[in-house]
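The structure appears right after this line, and notes come after that.
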Amino acid sequence: MTATWAVPAPAAVALPAGGLQLLVLQPSPFCNLDCRYCYLPDRQQRARMALPVLDRVMAQLMASGLVGPALSVVWHAGEPMAVPRRWYEAAFDVIARHAAGRPVTHHMQTNGVLIDDAWCRFFQRHDVRVGVSIDGPAALHDAQRRTRDGRGTHARVMQGIAQLRAAGIGFHTIAVLTRPALAQPDAVFDFFAGLGTREAGFNVEEVEAAHRQSTLQGTDGTAAQAITAGARAFWDRLLQRLAEAPGALRIREVAQVLAGLRDPGFGQHGGNAQNQAGRIVSVGHDGGFTFWSPELLGSVHPRLGPAVLGQLAGDAVDWRGLGQQAALRCWQAEIDAGLAACRAGCAHWRLCLGGAPANKLAELGTLAGTETLACRLGTQVVIDAVLAALERQLPISAALR
Ligand code: SF4
């Protein structure tokens, strides 16, 4: 039986003045790799954001009232480093000009294969926060992260990381956990503890957009339960290793749960940045924009249509009237129905705050749903493992450097 959730009548959406936490810019959909679990349908397209488009996008954003005293920009694509450095040199100038004295922090999440001396100098010159996507030891990584002709990329990524280290550039990592990875917690821990990463993040292999089949899906309820138990065993072991080697590795998900528990506002929040309009703005190479999860940018809702709310490259957006726009109101109303259902029925609500609309839409076909594979394995299991470790008085807080 398919669960249904009541969606309230769409009310006007109040956008948070100065509340933008992240500006996600997609300079191109193109990626130079073809990872097995990639969800981007347009990763072969070489279209690139024109600088006049970026100029117009920034002018409109600065007029929106959403930008606060500082600006965080995430360059997200495709592969952001497949766009030439000279484009970024000009783009960073455009953004700095519009930011008008506000500090701007640039973040780039890369597959790592194009990192060389020249890119390292660029990162240093602009103090870019670099994240590298790497899945762990070579066998795990190369099974998924491949070139278009099917070759593994681990050796090239490690070369890129060696360049970063030689240049003294700090970096974080993000790994995608597949089913084989869950069976190898010690190998995964040892690999990242020895890599020199500032922080290791672990995403689960999600069902999303063009990626319809995850290794973490069970064929039936029993198989799904076994995978969930495997994920819990993975995290229990990682936490045990953390406790045994304080300072060896900082793990993003553990840090997030501990930060949530220490948050003075614990229990009082109504959602997170991904499910509240105006906290994240994602802009495609053509200037189309949306709020909420950045992965929604190319998504189409079966009832509500495309997630794109408008164009920042063209005529002036009526920011004052945007909260009344039918599409925005309908999307937020359905998201809010999901938040209400999560709050009413999920024991993990106060730390998860309702998850990501992109996962709900991709897995459930609606934003109003609750549990997904992504939240069960990527959020609930981690919260349960961290709370159990704290109850056992494992010294995991001290292990976070
Ligand atoms: S863990 Fe899943 S079901 Fe629970 S609050 Fe988060 S998104 Fe909702």
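Residue numbers start at 1 and run along the sequence shown.
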Distance alone, cut at 3.5 Å: any donor-acceptor contact between the side chains of [X] and [Y]?
X      : Y      : result
Glu205 : Thr215 : yes
Glu79  : Asn111 : yes
Glu363 : Asn359 : no
Trp119 : Gln163 : no
Gln26  : Ser282 : no
Asn203 : Tyr37  : no
Glu206 : Ser214 : no
Glu334 : His301 : yes
His154 : Asp135 : no

Which atom of [X] lies closest to which atom of [Y], heavy atoms considered:
X      : Y      : answer
Val176 : Val204 : CG1-C, 4.2 Å
Ala277 : Leu15  : CB-CD2, 3.9 Å
Ser28  : Val83  : CB-CG2, 3.9 Å
Ile134 : Phe192 : O-CZ, 3.4 Å
Ala143 : Arg36  : O-CD, 4.3 Å
Ala99  : Val104 : CB-CG2, 3.6 Å

Is the [X]-[Y] ring centre distance short of 6.0 angstrom?
X      : Y      : answer
Phe191 : His141 : no
Trp75  : His107 : no
Phe92  : Phe122 : yes

Check whether any side-chain N or O of [X] sits under 3.5 Å from a backbone N or O of [Y] as a donor-acceptor pair, and report yes or no.
X      : Y      : result
Gln21  : Ile280 : no
Gln311 : Ala313 : yes
Trp87  : Met49  : yes
Asn275 : Trp292 : no
Ser293 : Glu295 : no
Gln274 : Pro357 : no
Gln124 : Ala167 : yes
Thr197 : Ala193 : no
Asp236 : Leu239 : no
Arg241 : Phe189 : no

Kindly indicate whether the side chain of [X], heavy atoms from C-beta on, has any atom under 4.5 Å from the side chain of [Y].
X      : Y      : result
Leu351 : Val257 : yes
Gln276 : Asn272 : no
Phe171 : Arg165 : yes
Leu20  : Val281 : yes
Arg279 : Leu22  : no
His172 : Arg250 : no
Leu66  : Trp319 : yes
Val130 : Met108 : no

Using 0.5 Å steps for rounding, measure from the [atom1] atom of [X] to the [atom2] atom of [Y].
X      : Y      : atom1 : atom2 : value
Ile115 : Arg156 : CD1   : CZ    : 11.5 Å
Lys360 : Leu339 : NZ    : CG    : 5.5 Å
Leu377 : Leu216 : CG    : CG    : 5.5 Å
Leu164 : Asp116 : CG    : CG    : 10.5 Å
Thr173 : Ile161 : OG1   : CD1   : 7.0 Å
Gln109 : Met81  : CD    : CE    : 12.0 Å

- request: Using the side chain to side chain contact (heavy atoms under 4.5 Å, CB included) rule, take Thr105 and Val128 through it: C-alpha gap first, then chi angles, then the decisive distance, then the call.
  value: CA-CA 7 Å; Thr105 308; Val128 177; over 6 Å; no

- line: Quick note, salt bridge (Lys or Arg N to Asp or Glu O under 4.0 Å) partners involving residues 88-107, not counting sequence neighbours, are Asp55-Arg97, Glu89-Arg125

- request: Show the numbers, then the answer: is there a side-chain hydrogen bond (donor to acceptor under 3.5 Å, both in side chains) between His348 and Asp384?
  value: CA-CA 9 Å; His348 303 86; Asp384 290 346; 2.8 Å; yes

Verdict with reasoning, Ser397 to Arg262, per side chain to side chain contact (heavy atoms under 4.5 Å, CB included): CA-CA 11 Å; Ser397 295; Arg262 289 171 178 152; 3.5 Å; yes

Counting neighbours of [atom1] on [X] that are heavy atoms of other residues, nucleotides or ligands and sit closer than 6.0 Å, is the number greater than 12?
X      : atom1 : answer
Arg86  : CZ    : no
Arg392 : CZ    : yes
Asp315 : CG    : no

query: Below 4.0 angstrom, N of the basic side chain to O of the carboxylate: do Asp142 and Arg151 qualify?
result: no

message: Using side chain to side chain contact (heavy atoms under 4.5 Å, CB included), reason through Val73 and Leu25 one step at a time and then give a plain yes or no.
response: CA-CA 7 Å; Val73 179; Leu25 293 173; 3.7 Å; yes

field: Given Gln268, His269, Arg350, the one that forms side chain to side chain donor-acceptor pair (under 3.5 Å) with Asp263
entry: His269

task: I would like to know whether Ile251 and Trp235 meet side chain to side chain contact (heavy atoms under 4.5 Å, CB included); could you show each step before the answer?
output: CA-CA 11 Å; Ile251 299 182; Trp235 280 100; 3.8 Å; yes

query: Which is it for Arg376 and Glu371 under the salt bridge (charged side-chain N to carboxylate O under 4.0 Å, His left out) test, yes or no, and what are the steps along the way?
result: CA-CA 7 Å; Arg376 189 171 64 252; Glu371 186 180 292; 3.1 Å; yes

message: Using the rule given for salt bridge (charged side-chain N to carboxylate O under 4.0 Å, His left out), can you reason through Asp34 versus Arg146, listing the C-alpha separation, both sets of side-chain angles and the distance that settles it, and then say yes or no?
response: CA-CA 6 Å; Asp34 191 22; Arg146 299 178 171 193; over 6 Å; no

